[in-house]
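Structure first, then comments.
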2 protein chains.
Amino acid sequence: MHGGFHYQRATSANLDASQIRYKMNPIPDALPLISSVMSTVHPLRNVSVSQLRTACSSCSLHELCLPAGLEADEMEQLDRIVNRKRPVKRGEYLYRAGGALQSLYAVRTGFLKSCVLHDDGREQVAGFHMMGELLGMDAIGSGKHMCDAVALEDSDVCEIPFIELEQLSRDIPALQRHFHRMMSREIARDYGVMLLLGSMRAEERLAAFLLNLSQRFAARGYSATRFNLRMTREEIGSYLGLKLETISRAFSRFQTEGLITVQNKSIELKDPERLRALIGQGA
Amino acid sequence: MHGGFHYQRATSANLDASQIRYKMNPIPDALPLISSVMSTVHPLRNVSVSQLRTACSSCSLHELCLPAGLEADEMEQLDRIVNRKRPVKRGEYLYRAGGALQSLYAVRTGFLKSCVLHDDGREQVAGFHMMGELLGMDAIGSGKHMCDAVALEDSDVCEIPFIELEQLSRDIPALQRHFHRMMSREIARDYGVMLLLGSMRAEERLAAFLLNLSQRFAARGYSATRFNLRMTREEIGSYLGLKLETISRAFSRFQTEGLITVQNKSIELKDPERLRALIGQGA
DNA sequence: TTGCCTGTTTGATCCAGATCAACAGACATA
DNA sequence: TATGTCTGTTGATCTGGATCAAACAGGCAA
């Protein structure tokens, strides 16, 4: 893959050309640049072109991310407090459990996981995070992070100093509103995970997981039916409260039943409808 | 127990007198009425005494609840938007999944549960809520409640219209701050539940559950070692991702091992330390 | 007092998923 | 190109908790 966009690097061999193009379209890194060069400075904003490149307003994620619903001038104010493009290499920690809360982080590119730790070494994956999603909200209550955040592939995040975000959200109702929405959606997601962990059987859990990924990729303009997993079977298992062997077997069974095609990390949903029907057969 | 305060009714026999007094003091139900007749209006506030009686500033929960950390005048502003004392009878719904978000609710007295529902009828208890805790935050993201909230015993809640809370929290930084803390703590709690559901065995889960209740009762000035369950074995099981028979057996085993005394809903923790040690033996 | 009705306890059996084990690819480094 | 280290697959066996079943206790209405 060329340019700064190596999101699909590891698995490009598995994908046909049309899909690669499709996946690269929605989040163009280079295109905005070009158009911004043509018109020197954005009429509404007093920032240089180089800043504009990564500004929220030119970021293809802004409808999903924190600035959703902001006016241009409001977005500019938010831009001023955001430290854009902090890279996190695969395997690196964005923050660790126990560390003091400084900032929230919005994923620009890449993929991360949050892990809750238990004294005895057990760890539980509490979530996987993709572009436009906000991390670190668990730390606001105590001032300390409750979990580790680790990059599953080379990623870029926007760093949003929390104190300043809180300050700014008093001045910008739309920002306040959307920040509350994002916290609340995290709570709603957590409730869904509890339902999954507390009352679904293994195959239902995996089906729900795949459909959730599918829906999130689709919301970002990617294919809903073909995507690559960024996490290992063990990490999926941890998230779903199952062992890696169980994940592997369930994948195999889904494949022999024609529900999906799996090859290593590459997934194709062949029959999303039947997958959906699979959830809710139990009990 | 007399008056409207029967929170401890079923278990008062277990408590010594000093504790009962303590428990009854903070939330006087009947007395306020009388004194309001006597002293018409509070000097600092332009509200009648009858309103003051149940005002946040006179509520024993205010250090745990939403107004934590507010100045007197700020608390007064909050008071003005809060609709105090909405009673919810045992078994009644405070709100239902799918219903539009109007208000958040702070528990004044009593005990409630939240249940996430699945199409096929399965339900998962997502949380139990006691005095000072805030319900409904899952609904902010979508504008619709994600779960049912049901009273497990006759309860009173304060109704806090969400739009007005959001508005007011722009004017009162301490309120904004604390509201964010409460949402964040819910997220942190959820992560803990995921850890529990995803990687603990049955007895660890129950021990963690008992210790969590103990700690929450203690934070409210109740005994940390003697309390009454407000929920059935089935509800505990649902919350912990286990069947009611498993809960019952685990209780029995804890009892024969001298960790606790159980009799129906009444619990005494005989050896909290060993209970704590029990968590984290597995894996 | 009787007779539900709901919730709880305890025993016997079963099974979904864990555990143990062997092996096969994929990928990274030299 | 060889080599070692992760990661994933599949089989055989085991087991914690589910399921099925029976009996019982407490609350409450008639």
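Numbered from 1 within each chain, the chains take letters A, B, ... in sequence-line order.
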Identify each donor-acceptor pair in which a side-chain atom of residues 188-195 of chain A lies under 3.5 Å from a protein atom, sequence neighbours left out, and give them as a table.
unit_1	atom_1	unit_2	atom_2	d
A/R189	NE	A/E186	OE1	3.3
A/R189	NH1	A/A126	O	3.3
A/R189	NH1	A/Y239	OH	3.1
A/R189	NH2	A/A126	O	3.0
A/R189	NH2	A/E186	OE2	2.9
A/Y191	OH	B/E186	OE2	2.9

Do any N or O atoms of the protein come closer than 3.5 Å to N or O atoms of nucleotides 6-10 of chain C, and which pairs are they?
unit_1	atom_1	unit_2	atom_2	d
C/dT8	OP2	B/R233	N	2.8
C/dT9	OP1	B/R233	NH2	3.3
C/dT9	OP2	B/R233	NE	2.9
C/dT9	OP2	B/S248	OG	2.7
C/dT9	O5'	B/S248	OG	3.2
C/dT10	OP2	B/S252	OG	2.6

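- Considering every non-hydrogen atom in both A/S214 and A/L269, the closest pair reads CB-CD1, 3.7 Å.
- Cation-pi contact between B/R220 and B/F217: absent, since separation from the ring centre below 6.0 Å together with deviation from the ring axis within 45° is not met.
- Within the nucleic acid shown, A/G241 comes within 4.0 Å of sugar-phosphate atoms alone, with no base atom in reach, counting heavy atoms only.
- Residues satisfying the ring pair (Phe, Tyr, Trp, His ring centres under 6.0 Å) test with A/Y95, not counting sequence neighbours, are A/Y105, A/H145.
- Considering every non-hydrogen atom in both B/A207 and B/L275, the closest pair reads CB-O, 3.9 Å.
- For the pair A/R276 and A/E273, the salt-bridge criterion is met [side-chain N within less than 4.0 Å of a carboxylate O].
- Using a 4.0 Å cutoff to heavy atoms of chain B, the contacted part of DNA chain D runs 5' to 3' from D/dG16 to D/dC20.
- Judged by distance alone, the side chains of A/S114 and A/H129 do bring a donor and an acceptor atom under 3.5 Å apart.
- When the salt bridge (Lys or Arg N to Asp or Glu O under 4.0 Å) test is applied to B/R274, the partners found at least two apart in sequence or on another chain are B/D271.
- One can place CG of B/L242 at 15 Å from C1' of C/dA16, the figure rounded to the nearest angstrom.
- Defining each end axis of the helix from C/dT1-D/dA30 to C/dA30-D/dT1 as the rotation carrying four pairs' C1' atoms onto the next four, with five pairs an end, the two axes are found to diverge by 40° to 10 degrees.
- Each of A/R108, A/K85, A/R86 was compared with A/E159 under the salt bridge (charged side-chain N to carboxylate O under 4.0 Å, His left out) criterion, and only A/R86 meets it.
- Counting heavy atoms from C-beta on, the side chains of B/V125 and B/I236 never come closer than 4.5 Å.
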